[in-house]
Amino acid sequence: MFNKILIANRGEIACRVIRTCKRLSIQTVAVYSDADANAQHVLLADEAINIGGPRPADSYLKAEIILAVAKQCGAEAVHPGYGFLSENESFSQACEDAGIAFIGPTPDSIQKMGSKSAAKALMEAAGVPVVPGYHGDNQDPTFLATQSKLIGYPQLIKAVSGGGGKGMRLVEKAEEFAAQLDAAKREAQNAFGDDDVLIERFIKGPHHIEFQVFGDTHGNVVHLFERECSIQRRHQKILEETPSPFLDQVDDLMRDTMGAAAVAAASAINYRGAGTIEFIAGENREFFFMEMNTRLQVEHPITEMITGEDLVEWQLLVAAGEELPLHQSEIITGGHAIEVRICAENPENDFLPEIGPMHVFATPTLIDGEDVRLDTGVTSGDEISIFYDPMIAKLITWGGDRPEAIRRMQGALAETEVIGVKTNLGFLQSLLHYPAFLAGETDTSFIAKHKTALLQPTPIDGFVLAAACAGILHSEQIDGPLSPDVWDNNSGWRLNTVASRLIEFNASGNEIVCHVEQSREGLRFKHGDAACDFAWTERADGSFHIRLDGSGKTCRFVQAGDNITILTESGRVALTLFDPYHFEGDTSVNDGRLTAMMPGRIVKLMAAAGDKVSKGQPLIIMEAMKMEHTIVSPRDGVVERVAFQVGEMVPADAVLFAFAD
């Protein structure tokens, strides 16, 4: 086994690798960019070395610098995590040439699976079914348009390199093909340095099911069962679970057939290390090979939860030349596991990424046990920046069956909150209570079909407002011991009368007024026409049990400054403490300007000064957080001024275009 390894990555996966290495007494070396000087993976590692600027191209993608650091610090191996250099055959080869073990597949395997087109040809030869489509080398747009019509619609254009939904576009009719091809190629070039694409038929009623595979240098290849990843937005996973609800509803024969196909696919390229064979399964129970990810996957923890195995430890053993710890017949599975990805994004704005500070990151009270796990690389006070993926954390739960795993996830989400940057936590909580999800009806169109219902806000009822008032009053009481002098305490004492406390909130622009009255008989809570006896009890886990007129409910209160979130088992409500005397100047934006929703880099301009444009017409494409975002005109008019050019960095809220009537 190795004595020291370098981790060529950042964030939660770097922290995840460090955790296993500490258990195995392996020293770790972290590398970091200027933006990550105080990041958690830097603080957790035994050594940490700066490798450049905040953009990945200036740091985490600098293979030669990372390799030089590995040599300098005496690392015997490099763990690439996922993303960045994890599927870069040149980097893998450079490590081998330098006598440093690459904790991943061989350069040959990466090369064979790195091109989706070449991979499909190999899989066909190995007898693994592949999705019908065009997977060739001819990238002439006219030729591809002809192939598109032959394949039929709907269809997917996909980058042959990389993954994560980047360089992927859905085409539903021929008229869309040219624009979607252009967008897919451009995004693929920006993300992977390769703009080649393939076209494949879109499978109806699709389920995204993948099998975790492992191979060693002794000819052994196994799978560790499947994961269903059908809950997606913008072709990116948001929730994964194992076993697959779809396969549970079909039969074990299909599961066994897919598992055998996954092992055959890995065996066909003499695979070494951790990999994932991704299949698409249709409503008619057909399944097809989509691609192979030659790395550890983001969702690997759910496989660990049902098997009890540490897949990072398996990676280390295989890279050190040892045999796989178990043969196929020895790998057992039990229960059900679910993972959700907590991301800095706005579900109401098409899940666009967000940036900003995390003033508070409240996490479940019971984590890192057998049933609830949190993998993250950030903590309260950190900032989500423009330069990296917007994922904040992965929350994972296990149960004896699917309903139990769901209940534990519902409870864990009810204890998790981020105040500061916007997140998808509310959306995830709605998803975990939604009837169609509970029934296992989870194909890849799930979010598109149910988005409106999933985005419904949690009702603001009396319990929520009472919990907010209780949290405020409780925090005031525990700031310090109450003075025995009634003139010098904030308990609300009054002589010969009832003490009334006015507490005002703002929720989505609406003012909410509450009164808490204190007398010898106790507290009364008033909101609107309702008045109730009011009491609260702080529980050992920090939550509050709220009682109104004899009815009780448990809530959590999270606060950062004037921002408050009330968390319940079924939802969450964001409130702002309202000061009626606070004054804000006019912040309205002139209708004659188009501003940037987030910081980013301009990759394409589609209008110039003097052009006449229509409302909804695409004007500019920005790249932010590794994804492209098309920004459209907010009105009819004439472009008066274009503020930025292609390649320039744009700050948040900067004016992009000015218009004239």
Side-chain angles (χ1 to χ4, degrees), residues 342-349 352 354-363 380-384 392 413-430 455-479 490 492 500-516 525-528 530 534 536 542-544 546 548 553-568 570-589 595 597-598 652-653:
I342 302 169
C343 298
E345 62 186 23
N346 185 354
E348 295 179 352
N349 191 21
L352 284 177
E354 295 276 338
I355 63 168
M358 297 202 316
H359 300 305
V360 171
F361 182 18
T363 58
S380 295
D382 286 348
E383 180 132 353
I384 305 301
I392 293 170
L413 284 170
E415 295 186 341
T416 306
E417 176 60 347
V418 173
I419 292 184
V421 67
K422 289 181 180 178
T423 72
N424 63 342
L425 274 164
F427 183 84
L428 292 173
Q429 204 165 3
S430 296
L455 288 175
Q456 291 298 312
T458 301
I460 302 177
D461 59 19
F463 276 106
V464 167
L465 296 174
C469 292
I472 292 166
L473 296 173
H474 185 77
S475 65
E476 291 175 353
Q477 291 176 7
I478 64 174
D479 281 344
N490 60 1
S500 180
R501 171 74 178 270
L502 172 69
I503 303 177
E504 297 181 71
F505 303 101
N506 189 296
S508 301
N510 299 313
E511 185 179 349
I512 301 172
V513 179
C514 301
H515 293 269
V516 179
F525 172 77
K526 293 184 177 181
H527 167 58
F534 174 38
W536 76 82
S543 63
F544 292 115
I546 308 296
L548 295 177
K553 197 175 205 179
T554 299
C555 308
R556 291 185 72 83
F557 172 91
V558 183
Q559 181 177 18
D562 291 338
N563 297 309
I564 293 168
T565 302
I566 303 301
L567 303 167
T568 70
S570 58
R572 63 191 59 225
V573 173
L575 301 168
T576 304
L577 267 176
F578 179 70
D579 179 357
Y581 300 105
H582 178 68
F583 172 78
E584 287 189 8
D586 183 12
T587 58
S588 61
V589 177
T595 57
M597 298 175 291
M598 65 184 76
D653 300 320

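A quick note: this is a predicted structure, and the numbers were derived from the prediction, not measured.
- Taking the side chain as every heavy atom from C-beta outward, I564 and T576 never approach each other to under 4.5 Å.
- Closest approach of A466 to F534, counting heavy atoms only: O-CZ, 3.5 Å.
- Side-chain atoms of Q429 come within 3.5 Å of backbone N or O of T568 as a donor-acceptor pair.
- Residues L465 and I512 form a side-chain contact, since some pair of their non-hydrogen atoms from C-beta on lies under 4.5 Å apart.
- Side-chain atoms of S380 come within 3.5 Å of backbone atoms of F361 as a donor-acceptor pair (strictly under, hydrogens ignored).
- Looking at heavy atoms from C-beta onward, H527 lies out of side-chain contact with I460 at the 4.5 angstrom threshold.
- Here the side chains of L577 and Q559 are in contact, with some heavy-atom distance below 4.5 Å.
- Checked for salt-bridge contact, E345 and K422 miss the test: no charged N lies under 4.0 Å from a carboxylate O.
- When atom types are taken as modelled, the side chain of R501 and the backbone of C469 share no donor-acceptor pair closer than 3.5 angstrom.
- To the nearest 0.5 angstrom, F557 atom CZ is 9.0 Å from L473 atom CG.
- In this structure, the side chains of R556 and I566 stay at 4.5 Å or more apart for every pair of heavy atoms.
- The shortest distance between side-chain heavy atoms of V516 and S500 does not fall below 4.5 Å.
- Side-chain atoms of M358 and E383, non-hydrogen and from C-beta on, never get closer than 4.5 Å to each other.
- The nearest pair of heavy atoms linking F505 to F578 is C-CB, 3.8 Å.
- A donor-acceptor pair is defined here as one N or O able to donate and one able to accept, closer than 3.5 Å; such a pair exists between the side chain of N506 and the backbone of G509.
- For the pair D461 (side chain) and V464 (backbone), a donor-acceptor distance under 3.5 Å is present.
- Between F525 and L548 there is a side-chain heavy-atom pair separated by less than 4.5 Å.
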